[in-house]
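Quick notes on the structure that follows.
Whatever order the structure lists ligands and atoms in, that order sets their numbers, starting from 1.
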Amino acid sequence: MPFDISQPFDVIIAGAGLAGGSLALRLARSGARVALLDPARFPREKLCGEFLSPEAWEVLDRLGLTRDVERSGYEPIHRVRLTTPRARVLEAEFTGLDGLPGIGLGRSVLDNLLVQHARAAGVEILEEARVTGPVVHQGCVVGVQARGAGGGGPPFELRATVTVAAEGRHSSLVRQTGTTRTRSRFRPRLFGMKRHLNVPGAAAEPVGTVGLHLVPGGYGGTCRIEGGLTNLCALLPESALRTHRGQLDRLADNLFAANPALTRLWETCQPTGPWKTVAGVRVEASTPHLPGIFYTGDCQGTIDPLGGQGMTMALLGGETLAPFVTAALAVDASLVSLQRDYRAAWHRRFDRRILLCRLFHHILINPRMIDLASAFKTLAPKLLAAGFEQTRDRPAH
Ligand SMILES: Cc1cc2nc3c(=O)[nH]c(=O)nc-3n(C[C@H](O)[C@H](O)[C@H](O)COP(=O)(O)OP(=O)(O)OC[C@H]3O[C@@H](n4cnc5c(N)ncnc54)[C@H](O)[C@@H]3O)c2cc1C
């Protein structure tokens, strides 16, 4: 063990993604003794479209990460391009937000930046440590049980005043300490698959553009990232996964053939790594039933991936939670009311954009709607840009 675990921590955070990493960084800077656990060794790849909305610049700035992101070789993104199986195209510029672009940046780079900053701020980071459940004492969460070697190693316990679940979707801590409510089930049920590609010039997404290429029941999203790579991240019906017996390349061959833009890209690209997948993509929100634990990022609630808001929400979510965790560290803190007040603050801050992204999904995933809209060459791009802008409301404070 790289540090002393016999002394309780102020805060244990399970999961060093954007929500957990950013929260750890904030709390350590405010003087808390923080442990951050993750089964991965950083830098690591992660399933994600890797498009950060322009609003993220503000929260990256507050975290002190702007300069590192600027130097990362990220791809500035200024517009979105929707294409349909009938080769119709609808494009919209991102508007407002001081003209700042969206950010195309791989999670191996971005999450690693956060982990490095957190370490420098004094966070005690335990890589290759998988949290398996809570430690509960007299009805209150007082720490976590974990296993080393990414989950296959020996079990151990860590104790803390406050525990935070930040393990992303399908969290075991959330399952064992609270309940999860599905707010929107996609029909058909959807799964995500992501891969990095080298795409030759002619077939590549135009510079500064994020693509949403519609196929039956879903879409393939494309986003240029650092190093000249393209992220291809598709959200597709789970039934297609079963039909193709889990053979992802064959599935891609068949489904991407429905859209000329995707066909061109897929036929000419060179993948640079394996597919990453996630099943059961839903819009959900969770509520803890035991005191002593808070949820953040996707553990607290998810948003439809199509709006490209999940990462920004994870970063903003850490910001929303930090003052409640700090208050919970006080000797006479009422953990139950802090939990309740935090959940209310989270819903106030994010429910509107979650609702709008759900609405967007139902409108944009419909190829016939986009075919029709593409005929309105001036109005449709304006409406689309205004719609995306609405999902990026600024915090009230
Ligand atoms: C198909 C798809 C595409 C998406 N595309 C985009 C996009 O382009 N832009 C965008 O903004 N959002 C996108 N999102 C959403 C975005 O990826 C998430 O909202 C965001 O990553 C949430 O951050 P998080 O820190 O809560 O969780 P995560 O990023 O999932 O991080 C969780 C961390 O916890 C760790 N962990 C897991 N289990 C354990 C355990 N047992 N113990 C300890 N640690 C654990 C993981 O290794 C990981 O490091 C997409 C989502 C999907 C499904």
Side-chain angles (χ1 to χ4, degrees), residues 12-24 35-56 77 80 102-108 110-112 114-115 125-133 144-147 150-151 158 164-176 186 190-194 210 212 218-223 225 231-236 276-284 286 295-318 321 350 353-354 357 391-392:
I12 293 170
I13 302 174
L18 298 182
S22 63
L23 178 68
L36 180 62
L37 284 73
D38 200 291
R41 179 155 287 281
F42 287 79
R44 57 100 176 87
E45 288 294 337
K46 171 122 198 44
L47 183 137
C48 185
E50 299 182 327
F51 162 75
L52 261 170
S53 68
E55 182 188 4
I77 307 287
V80 57
I103 302 166
L105 185 61
R107 294 292 298 265
S108 61
L110 182 59
D111 294 30
N112 191 42
L114 262 177
V115 165
I125 298 175
L126 209 49
E127 295 174 277
E128 299 184 354
R130 181 178 296 277
V131 171
T132 53
V144 297
Q145 300 166 343
R147 280 181 174 273
L158 292 184
V164 178
E167 313 123 279
R169 286 168 194 264
H170 313 308
S171 152
S172 63
L173 270 182
V174 171
R175 213 171 35 246
Q176 294 174 66
F186 299 118
L190 298 176
F191 81 102
M193 54 191 264
K194 165 225 164 169
V210 65
L212 283 175
Y219 63 88
T222 52
C223 181
I225 56 168
N231 171 311
L232 171 60
C233 187
L235 205 58
L236 299 168
K276 284 205 159 285
T277 57
V278 65
V281 177
R282 286 185 284 272
V283 179
E284 315 176 307
S286 299
Y295 304 158
T296 188
D298 279 2
C299 283
Q300 174 55 48
T302 52
I303 187 166
D304 190 304
L306 187 136
Q309 282 285 316
M311 289 197 276
T312 302
M313 227 172 87
L315 293 168
L316 291 172
L321 176 54
F350 299 118
R353 75 176 77 195
I354 291 171
C357 282
T391 65
R392 296 188 206 115

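- Heavy-atom contacts of G310 reach the following atoms of ligand 1: 10 (C), 11 (O), 12 (N), 15 (C), 19 (O) (cutoff under 4.0 Å).
- Residues E45 and K194 are paired through a salt bridge, judged by an N-O separation under 4.0 Å between the basic side chain and the carboxylate.
- Of all atoms in ligand 1, numbered sequentially from 1 with element shown, those under 4.0 Å from a heavy atom of G17 are 25 (O), 31 (O), 33 (C), 49 (O).
- Looking only at heavy atoms of the protein, atom 11 (O) of ligand 1 is closest to M311 N, 2.7 Å.
- Counting protein heavy atoms only, atom 27 (O) of ligand 1 is closest to G168 CA, 3.5 Å.
- In summary, the atoms of ligand 1 found under 4.0 Å from a heavy atom of E50, numbered by their order in the structure, are 7 (C), 8 (O).
- Nearest protein heavy-atom contact of atom 7 (C) of ligand 1 is F51 O, 3.6 Å.
- When side chains are defined from C-beta on, E50 counts as touching R107, because their heavy atoms get closer than 4.5 Å.
- Applying the 4.0 Å criterion to heavy atoms of G297 picks out, from ligand 1, the atoms 26 (O).
- Here the side chain of H170 pairs no donor or acceptor atom with the backbone of V278 at under 3.5 angstrom.
- Between F350 and I303 the shortest side-chain heavy-atom distance does not fall below 4.5 Å.
- A side-chain donor-acceptor contact under 3.5 Å links S22 to the backbone of L18.
- Side-chain contact between E284 and R169 is absent, with no heavy-atom pair separated by less than 4.5 Å.
- The backbone N or O of C299 lies less than 3.5 Å from a partner atom in the side chain of S286, making a donor-acceptor pair.
- Checked by distance only, ligand 1 and D38 come closer than 3.5 Å through their nitrogen or oxygen atoms.
- In terms of protein heavy-atom proximity, atom 30 (O) of ligand 1 is closest to K46 CE, 2.9 Å.
- When hydrogens are left out, the protein atom nearest atom 37 (C) of ligand 1 is E167 O, 3.4 Å; that is the closest non-hydrogen contact.
- Nearest protein neighbour of atom 23 (O) of ligand 1, counting heavy atoms only, is A314 CB, 3.5 Å.
- With hydrogens and angles ignored, the 3.5 Å screen pairs no side-chain donor or acceptor of N231 with any backbone N or O of I225.
- Distances below 4.0 Å separate heavy atoms of R44 from the following atoms of ligand 1: 48 (C), 49 (O).
- Here the side chains of Q300 and L321 are not in contact, with every heavy-atom distance at 4.5 Å or above.
- Heavy-atom contacts of L235 reach the following atoms of ligand 1: 1 (C) (cutoff under 4.0 Å).
- Looking at S171, G301, A279, P39, it is P39 that brings a heavy atom closest to atom 45 (C) of ligand 1.
- The contact set between ligand 1 and L37, taken as ligand atoms under 4.0 Å from a residue heavy atom, comprises 43 (C), 44 (N).
- Scanning A19, G49, C48 for the heavy atom closest to atom 8 (O) of ligand 1 points to G49.
- With L47, V210, L110, D298 as candidates, the residue nearest to atom 2 (C) of ligand 1 on a non-hydrogen basis is L47.
- Between L235 and L306 there is no side-chain heavy-atom pair separated by less than 4.5 Å.
- The ligand atoms of ligand 1 that sit less than 4.0 angstrom from a heavy atom of L18 are 25 (O).
- Counting heavy atoms from C-beta outward, V115 and D38 have side chains that stay 4.5 Å or more apart.
- A side chain to side chain contact (heavy atoms under 4.5 Å, CB included) with V164 holds for exactly one of V144, I12, T296; it is T296.
- Proximity of Q309 to ligand 1, defined as any heavy-atom pair under 4.0 Å, is confined to the backbone N, CA, C and O atoms.
- Salt bridge absent: R44 and E127 never bring a charged side-chain N and a carboxylate O closer than 4.0 Å.
- In terms of protein heavy atoms, atom 29 (O) of ligand 1 is closest to R107 NH2, 2.7 Å.
- Distance from atom 42 (N) of ligand 1 to its nearest protein heavy atom, with residue and atom name: V131 N, 2.9 Å.
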